[in-house]
Each structure stands twice: as C-alpha cells, then as structure tokens.
Amino acid sequence: MLLATAALTPMPPLFFFAVIIVFVASVTNVTDALCRYVLFVGLLPPLQWHITAGGSYLFKVDTIDALNIGMILCMFVRYRASRGPGWKPRAEDLLVLSMLIPFWIGENRGLPVSEFLRAGVSELLVVLSYFVLRKNLMRAVDFRMVLAALVVSGVILSVYAVYEAKSGWAVFDLMKRQIMMGSMQSHNLMVRGGMLRASTTMSGPLMLACYLTIAFLAAAISRRAFKSELVWLGIMGALVVGVLACQSRGNLVAIVLGLLVLLVAQRRAKIAVFVAVGVGLMGGLAVVAASQSLFASSFIGLNAGETRGGVKYLDYREVLLKRGLEEGAKHRWFGASLKKNLDDMSDIEENGGLIDLVNTYLLIYLVSGIAGLGVILAALLAVIRNLLKSRPKKTEDPSLWAFAVAGLIAVIVQLSFMSYIDRMPMLLMLVLAAARWVSDPASKRVATARPKAAPRPRRQLVMARRPTGTA
C-alpha cells in the first residue's frame, strides 16, 4: 500500500497532503483517530520537505509533522468537543514542556529569530499531539485499543525487518528514492556480521528496535486481546525477532528490563525471577557462542569490528561521553549552542564528518547545562513518584499501570543510547500519556464507573377476571 502511495505521490508535498487528507477523512470517531495516529507513526517512512518561497527557505516539514497536523485538525475541526479529564497541569505535562528547553531553545540559541521560530514548529507540533492524546484517552478500552494499534504496527514492521535482514534489500529505501529523488535512508544502512541491520520505515535500526521494544511491552499486557495463549506468545516472539533483525544490543537489554518491571508490577515476582535466571543463562551461552562464531561475536560486539570516526564502535560511545562531559564542564550551568559544542568536539567526527550524539541526556547537558537537565530530571522523578503513588489495589487490574511503568523505564534506558529524533519523541509522549492516564484519579473514576441501570418499569397490576362456572 505504501509503495503504491509512493508511485501516486512522487513528491513530498503531495505525499504529505495525501497523509493529512486520508487521516482526517478516514477516521470514524475519536478513539479511531488515536489508534490510526499510533499506527501511522510506525508505518509511514521518514520523508522531508524544505518549503521555500522565492528562493528563501521558510521551514522544514517531515512525515511526523504532517501526521501531527492531521491529528490536530481531526481533533479540533472534526471533533471539536474533547473528552477526558480537565487541563489541570501535572508532572507529565511539565516534563513534556520542559523538553522544549534543550531541543528548541538550547539547540537553536544564537540563531536569527526567523530560524529560531522555524526550529520550534516541529517541537510544538509534538507537544500539541501529546496534549491531544492525553486529553482524549478517557476509558480503559480506549487505552487498550491504542496499545493494540501499536502492537499491530510493530508486528508488520517486524515482518519487514526480518525480510530486510535476510535479503539484504531495504524495502522502503525504494520508496524514499521514488518520492525524494535520492534516498537519505541509504546513508543510514548498516551491516553487522554480514547481515543488513533492518530499519524499515525508520531513520535507522536503533530507532526501529526502540519502537518494537515498546510494542513488545504493549503486547505483553494484552493477553485478553488474543484468542489463545499460543497466538499471544507468537506475537511477542515476532516482535523479539524484529529487534534481533535490527541487531540492537541496547534494546535487548531494554526488553529484558521492561519485562522484569512489567512482571513485578503485575505482582508476578516469581515469574520475574525465572525470567532473570533464564536471561542470565542465555547471556552466558551467547558469550560462549561468540567465542566460536564470528557472526555471534560481531552481533554482540565482542570484536568491536565496526568503526566510527577512526575508533571502534563500542569505544566511540565512551569517547563521546568523555569528550561531551569535558565540553559541558566549560559551560556547565546553562550550556551552549549545539553548533559551538559540535565545533569544539570536531576531533571525534565520524567518517562522514558528523558527530552522532547517541546519548540524549548528554545532549541535554551540552545545550542547556545543569539548569535544563535538572528541570527535566525533576519532572521525570515527579512522574515516577505519581506512578508509584497510584499503584492499583489488589482487587484492580494492574496491567495498564504496569505498561506505563515498564514503558517509561524502557524509554529512559533507550534515551541513554539513542538520539531524541525520528519516532523517539512520539514514544516518550505515548508513555507519558499512559502515565498521565493511570495516575489521574479522574481517569480511574471513568475507567471503573459502571453505567447506571435503567429505571425498572412499574409493575402493572393486572386484575384477572375470576372464571365463572355454569350450574
């Protein structure tokens, strides 16, 4: 379907226009809009369109921006009456707003006002999409349907990922070349152990693995959505295989950690212990296999044969952290512009002349200093505190609360080895909206409230005539 769309819309403007029109016109209600939004976030490829007027650059629009515009139009134009709890701010809202400090104000400080305002368009669209999502997640069934859409998109992407890794052909690279007359995706294709690291519709394999990890946690709490336990286990297995096709070690750790948190949150500590022991044994076997197999050694990174910027891949992250902390110490309180930081760290540039800041926390520290990082960490701690305070009672279903906790922990881990780009903001917004829902008393009242029984009709007294007999 997506390849057909590419053939019919061979230019980014037409493609984005089609995305907005199809999204707004196809939804049937608010819940359907939320589900389609989550579904399209994963399945649509990352395209960009630089809008110009008379040779002057105005601003940039990408696929997620177009989808956010469609979501906002759908909610504020087609469905004007929003649902859910009021707009009283909470810790989750503060965290979303505080993310504007490093990624809009911090990164673009020192630029002309016009460029500064252009840079804020995408960030503000993400913030608006979060508020639309958290405002309209009202019932538990809506929450579960949104998670089901996430699982469906994850399974589809896993199938594509396995095909890409096995065949060595990036399917959606063809689509990007068709639309953009030249593929940005081709520059992100990576090979490890002789196999292509699948990226499908994402900007890279790490991003795809992050998306599939959150989809795995959503599937893990959705047992009742499947006909049998075998189908449920098969879906989770497919998502894990998709992560393996991405060859992302960090996300395998995030899956294990998220699953353990999920089991503990669902009061299944014994199963969590068995899972931890099993993972430990499998890790030991992987190390043994790596000593005998070149592919296994390359996959788990023991040989560190992949290089970046003249240093081994695993060492690059250590060098990046060390140099980043050194540069951050020069302006530790309020940070410096991203351009200044990159210029000062030019000694660790990669082969393409770029510095891949694959650590979101380090980036926040560099561009906003201790002040910006402190605000974000304080808001994050407040979110965790609210989640712990809202732990469901033993008589209540803890699955949605468990997803919010495990999903938030997984995203926190992912941000330590992933840049805040592509779908990463949307994954953070999704788990924050989930945390907002489960920790809000108003949402709990809506979720547990039962419809009032209809008044019973008055009993009509029927006076039966006494039969009369004949003499």
Side-chain angles (χ1 to χ4, degrees), residues 38 41-42 92 95-96 99 130 133 143 146-151 153-155 157-158 161 202 204-222 235-266 268 271-272 275-276 279 283 358-361 364 376-377 379-381 383-388 391 398-439:
V38 173
V41 162
E92 297 82 6
L95 179 57
V96 171
M99 296 297 278
Y130 160 77
L133 188 64
F143 197 163
V146 168
L147 296 184
L150 178 64
V151 173
S153 62
V155 172
L157 292 175
S158 292
M202 309 292 175
L206 269 181
M207 187 64 254
L208 175 59
C210 290
Y211 189 89
L212 295 180
T213 297
I214 305 302
F216 172 84
L217 296 178
I221 64 132
S222 304
I235 291 295
M236 290 195 296
L239 293 170
V240 172
V241 171
V243 175
L244 292 174
C246 303
Q247 300 187 40
S248 172
R249 298 175 292 263
N251 277 287
L252 290 176
V253 174
I255 281 184
V256 172
L257 182 59
L259 183 59
L260 293 177
V261 172
L262 200 68
L263 292 172
V264 173
Q266 291 182 305
R268 298 176 179 176
I271 300 178
V275 170
V279 170
V358 286
N359 187 326
T360 301
Y361 305 109
I364 294 173
I376 291 175
L377 292 180
L380 183 59
L381 291 175
V383 172
I384 296 174
R385 176 177 172 270
N386 288 343
L387 280 173
L388 296 178
R391 180 169 181 149
S399 57
L400 295 179
W401 180 83
F403 170 79
V405 175
L408 182 61
I409 296 298
V411 171
I412 290 173
V413 173
Q414 290 169 345
L415 290 175
S416 67
F417 58 79
M418 182 67 193
S419 304
Y420 193 69
I421 58 173
D422 199 5
R423 271 71 162 190
M424 210 63 225
M426 311 312 301
L427 292 180
L428 178 61
M429 299 303 117
L430 177 62
V431 297
L432 288 178
R436 174 72 166 78
W437 189 89
V438 299
S439 61

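For the numbers below, each heavy atom of this structure counts, side chains included, while hydrogens, waters and symmetry mates do not. Heads up: numbering here begins at 1 and tracks the sequence.
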Would you mind reporting whether [Y] and [X] have side-chain heavy atoms less than 4.5 Å apart?
X: Ser399; Y: Gln266; answer: yes
X: Ile384; Y: Val405; answer: no
X: Ile214; Y: Phe403; answer: yes
X: Leu387; Y: Val438; answer: yes
X: Tyr361; Y: Ile412; answer: yes
X: Asn359; Y: Met418; answer: no
X: Leu408; Y: Leu380; answer: yes
X: Asp422; Y: Met202; answer: yes

- Message: Test side-chain contact (heavy atoms from CB on, under 4.5 Å) on Trp401 and Ser439; report intermediate values, then the result.
- Response: CA-CA 8 Å; Trp401 180 83; Ser439 61; over 6 Å; no

Distance check, rounded to the nearest 0.5 Å: [X] atom [atom1] versus [Y] atom [atom2]?
X: Cys210; Y: Met424; atom1: SG; atom2: CE; value: 4.5 Å
X: Met99; Y: Ile376; atom1: CE; atom2: CD1; value: 5.0 Å
X: Leu206; Y: Arg249; atom1: CG; atom2: CZ; value: 9.0 Å
X: Asn251; Y: Cys246; atom1: CG; atom2: SG; value: 8.0 Å
X: Leu262; Y: Ile409; atom1: CG; atom2: CD1; value: 11.5 Å
X: Thr360; Y: Ile421; atom1: OG1; atom2: CD1; value: 8.5 Å

Looking at [X] and [Y], what are the two nearest heavy atoms and their distance?
X: Val261; Y: Ala406; result: CG1-CA, 3.9 Å
X: Pro398; Y: Ala265; result: CB-O, 3.9 Å
X: Ala161; Y: Leu208; result: CB-CD2, 3.9 Å
X: Gly242; Y: Ser158; result: CA-OG, 3.8 Å

Run Val151 and Phe216 through side-chain contact (heavy atoms from CB on, under 4.5 Å) and show every step you take.
CA-CA 7 Å; Val151 173; Phe216 172 84; over 6 Å; no

Run the side-chain contact (heavy atoms from CB on, under 4.5 Å) check on Leu217 and Ile255 step by step: do they pass? CA-CA 8 Å; Leu217 296 178; Ile255 281 184; over 6 Å; no

### Message
Test your reading of the model: is there a side-chain donor-acceptor pair from Arg423 to the backbone of Met207, 3.5 Å cut-off?
### Response
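Such a contact is absent between Arg423 side chain and Met207 backbone.
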
(message) Walk me through whether Tyr130 and Leu428 qualify under side-chain contact (heavy atoms from CB on, under 4.5 Å).
(response) CA-CA 9 Å; Tyr130 160 77; Leu428 178 61; over 6 Å; no

